[in-house]
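When a ligand or atom number is given, it counts from 1 through the structure's own listing order. Values below: every heavy atom of this structure, side chains too, minus hydrogens, waters and symmetry copies.
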Amino acid sequence: MNVNRRMKHPGSKGVDSVSAPTEREMIRIVGLSKWFGRFQVLNDINLVVNRGERIVICGPSGSGKSTLIRCINRLEEHERGQIFVDGTEVKSSSKDREIDAIRSEIGMVFQHFNLFPHLSIKENCTLALTVVRGMSKAEADAVAMRYLERVRIPEQADKYPGQLSGGQKQRVAIARALCMNPKIMLFDEPTSALDPEMIKEVLDVMAELAESGMTMIVVSHEMGFARMVADRVIFMDGGEIIEQNDPETFFNKPQSDRTKLFLSQILKH
Ligand SMILES: Nc1ncnc2c1ncn2[C@@H]1O[C@H](COP(=O)(O)OP(=O)(O)OP(=O)(O)O)[C@@H](O)[C@H]1O
Ligand SMILES: [Mg+2]
């Protein structure tokens with residue numbers, strides 16, 4: 001790890017200009033750097049994700065994977081560089097309504113589900129539809145049921161999160177995100193808190209979503225999923241993208257020693 005890099009202060013200069021994102025690009029990240037205080041968590045990240053592309057990001061704990069995807073929907077602010085989502089720049093000066101507009105295009109699924117425990121499964125799905133989108137209850141219920149069917153748990157609609165298994169809760173979280181009709185889905189280790197027997201049911205739902213053409217960025221160490229579903233696998237370490245490739249090349253011919261070491265560690269489990 002380069003200690004000097006990590007101690008650098010954020011400068012005031014950003015990237016001066018970049019060519020405009022093209023029609024086929026859903027996300028464009030240029031020269032993205034971010035600090036937590038004096039600690040540089042992301043260093044000069046450059047990444048273009050095309051419409052319908054499926055990206056899997058892996059890398060050791062603390063390498064900046066969550067921070068990177070959280071910057072895309074402004075759950076974290078970046079200090080340097082540019083992020084475009086469907087042609088709109090995510091800036092520190094963006095107004096609340098601009099951020100809301102960007103967020104409305106992005107669904108996010110977290111490791112720990114983040115469901116409201118006091119709301120039923122259906123209410124968890126309809127809350128944003130009625131409050132943010134202004135839908136009637138009947139309309140929102142219909143949308144919620146459509147997506148609960150899609151993740152194969154319509155029969156759980158009237159239960160509460162505490163009554164569901166981890167795999168079911170994560171499928172609710174996916175359904176809830178899909179209710180908002182996003183153009184992009186971001187997943188942050190969606191299966192790492194699950195018991196092994198529940199991982200497959202969640203990955204199956206995600207694979208179906210991928211087949212439907214959704215643009216997806218998935219932080220995951222499920223390498224079987226990456227091999228099957230990803231168009232591209234990205235390896236991050238120390239706040240940088242170290243290597244990226246199609247799954248076949250990534251797994252069979254990793255280039256960097258750091259990638260090789262990482263793969264040897266996770267694939268032996
Ligand atoms: N809010 C914060 N304030 C200060 N440091 C933070 C904050 N969030 C994350 N960090 C630090 O930034 C680094 C990257 O964190 P991040 O959560 O992005 O890593 P990660 O690759 O997702 O790791 P993991 O695999 O453990 O989830 C870590 O060293 C972490 O401690
Ligand atoms: Mg993380």
Sorted by first residue and then second, give each ring-ring contact (aromatic ring centres under 6.0 Å, His included) pair with at least one member in residues 91-113; sequence neighbours left out.
-> none
Polar side-chain atom of Asn124 near backbone of Leu119 as donor-acceptor pair, under 3.5 Å = yes
Determine, considering heavy atoms only, which of Leu42, Asp237, Thr67, Ile69 sits nearest to atom 15 (O) of ligand 1.
-> Thr67
Just by distance, with hydrogens left out, do Thr67 and Glu76 show a side-chain donor and acceptor under 3.5 Å apart?
-> no
Could you please give the number of protein N/O/S atoms within less than 2.8 Å of the Mg ion (ligand 2)?
-> 1
Numbered atoms of ligand 1 (with element) below 4.0 Å of Phe39, judged on heavy atoms = 12 (O), 13 (C), 29 (O)
Would a distance-only check, ignoring hydrogens and angles, find a side-chain to backbone donor-acceptor pair under 3.5 Å from Asp195 to Met198?
-> no
Determine, considering heavy atoms only, which of Lys34, His221, Glu189, Gln40 sits nearest to atom 27 (O) of ligand 1.
-> Glu189
Side chain to side chain, Lys159 and Val172, heavy atoms closer than 4.5 Å | no
Kindly check if the number of other-residue, nucleotide or ligand heavy atoms within 6.0 Å of NZ (Lys137) is above 12?
-> no
Write out all pairs satisfying ring-ring contact (aromatic ring centres under 6.0 Å, His included) with one or both partners inside residues 192-231, taking only residues at least two apart or from two chains.
-> His221-Phe262
Option with minimal heavy-atom separation from atom 23 (O) of ligand 1, where the choices are Pro60, Gly64, Gly62 | Gly62
Specify the closest pair of heavy atoms between Pro247 and Val233, including all atoms of both residues, with the distance to one decimal.
-> CA-CG2, 4.0 Å
So the salt bridge (Lys or Arg N to Asp or Glu O under 4.0 Å) pairs with at least one residue in residues 82-106 (sequence neighbours excluded) are Arg51-Asp86, Asp86-Lys183, Glu105-Lys183
Numbering as shown, the atoms of ligand 1 that approach Val41 to under 4.0 Å (heavy-atom distance) = 12 (O), 13 (C), 14 (C)
Can an N or O of Glu76 be found at a distance shorter than 3.5 Å from an N or O of ligand 1?
-> no
